[in-house]
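Comments concern the structure below.
Both counts, for ligands and for their atoms, begin at 1 and track the order of listing.
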Amino acid sequence: MTRRSIGIAVAQMGPVHLADSRATVVKRLLEMMREAKARQADMVVFPELALTTFFPRYWMEENEARDKFFETEMPNPTVQPLFDEARKLGIGFYLGYAELTPEGQAFNTAVLVDKSANIVGKYRKIHLPGHTDHLPDAPFQHLEKKFFSVGDRGFGVWDSMDVRLGMCICNDRRWPETYRSMALQGAELVVLGYNTPSKNIHWNEPTHLRTSSHLLSVQGNAYMNGMWVAAAAKCGSEDGFHMIGSSVIVAPTGEIVARTLGEEDEVIFTKADLDLGTEFRKHVFNFEKHRSPEHYHLITERKGAGEPLPQPLVG
Ligand code: CDT
């Protein structure tokens, strides 16, 4: 019997510098989209905030950030060639960008575009890392909490390109709730983009841990939810600020089946066997059979850690 599969490509991006125009970036994305299609991809995953440098590292007022780095329309004339090429080639994509709504709300957003170049899904990042104040002694800032509002759409899934898929963005990938919320809606694949600085500005975290914790997060959550995960980095040194690469495609086994080698623009591909996920969700992670939500109430009742729950006396 033929097994269900989807061709997934991840298009990692090397650095985008402050001086790089959106048009130059779109050219790079187009080139990788064509390569993805040539390798039989049904869809290609681009990074978080793919169209510009990772601007939350710079201190500035909101208005300046909005003028320089946000999109008020998607698609817009600069990004339109990507939509046109997707329609021509018959390939879907995930694209992360900074969204400014007509009402003036700012989000760290990703869209899911199908093979006819229709936007079929939109996700707004929920787990925003960083801070709102200026940290003059830090080597750089991480101002996502200043520039963006927390996403207002929850964790959705979409049936598109013959797969049920969900989206998240960067820091979301470190939180188990992200994947479980989508797995409980039957997600077979989660796609995401990220910009992860190799230095932690809050403590002296050894650099190698930045990559290993990224991999642990996506591999562990892929396995524990019986799903495929495809993660695309923007990486390398943007105007001297280095970010990790290691874009990956992870199977429901938790194993990495494709990983980038370098820190430049690079496409990786796999033909993902969707029935493999079904096996995991039928057996070890059969939610219906084995989950006990009556014991999980603290997960939605509490935000931070609190007092222990009263326990019956031993015996
Ligand atoms: N872009 C983004 O969300 N980056 C974060 C940095 C975390 S710093 C503790 C990430 O999770 O990769």
Applying a heavy-atom cut-off of 4.0 Å, say which part of E144 lies close to ligand 1: side chain, backbone, both or neither.
side chain

Using a distance-only test with no angle check, is there a side-chain donor-acceptor pair under 3.5 angstrom linking R180 and N225?
yes

Is Y194 touching ligand 1 with its side chain, its backbone, both, or neither, if touching means heavy atoms under 4.0 Å apart?
neither

Under 4.0 Å from a heavy atom of K125: which atoms of ligand 1 are those, numbered in the order shown and with their elements?
1 (N), 2 (C), 3 (O)

Within ligand 1, which atoms have a heavy atom of E48 less than 4.0 Å away?
1 (N)

Give the numbers and elements of all ligand 1 atoms closer than 4.0 Å to a heavy atom of P129.
2 (C), 3 (O), 5 (C)

Which residue and atom name correspond to the protein heavy atom nearest atom 6 (C) of ligand 1, and how close is it?
H142 CE1, 3.7 Å

Closest heavy-atom approach to atom 4 (N) of ligand 1 among I169, N195, I201, I244 is made by N195

Proximity flag H202 to ligand 1, non-hydrogen atoms under 4.0 Å
no

For ligand 1, which atoms, with element, lie under 4.0 Å from some heavy atom of F54?
1 (N)

Can you tell whether the side chains of K68 and E64 come within less than 4.0 Å, N to carboxylate O?
yes

NZ or CZ of R291 within 45° of Y296 ring axis and under 6.0 Å
no

Does the ring of F269 carry R39 above it, NZ/CZ under 6.0 angstrom from centre and within 45° of its axis?
no

Should you measure from each heavy atom of T196, which atoms of ligand 1 turn up under 4.0 Å away?
10 (C), 12 (O)

Please confirm whether the backbone N or O of N195 pairs with a side-chain atom of E48, one donor and one acceptor, at under 3.5 Å?
yes

Among all protein heavy atoms in this structure, tell me which lies nearest to atom 11 (O) of ligand 1, with the distance rounded to 0.1 Å.
R174 NE, 2.6 Å

Residues K115, D42: salt bridge by 4.0 Å N-O rule
yes

Is it true that E99 and K125 make a salt bridge, defined as a side-chain N closer than 4.0 Å to a carboxylate O?
no

Give me the nearest non-hydrogen protein atom to atom 2 (C) of ligand 1 as residue plus atom name, then the distance to 0.1 Å.
C170 SG, 2.8 Å

Quick one: closest heavy-atom pair of D265 and G14, and the distance?
OD1-N, 2.7 Å

Do ligand 1 and N171 have nitrogen or oxygen atoms that lie under 3.5 Å from each other?
yes

Roughly how far, to the nearest 0.5 Å, is CG of D275 from CD of E188?
8.5 Å

To which protein heavy atom is atom 9 (C) of ligand 1 closest, and what is the distance rounded to 0.1 Å?
R210 NH1, 3.9 Å

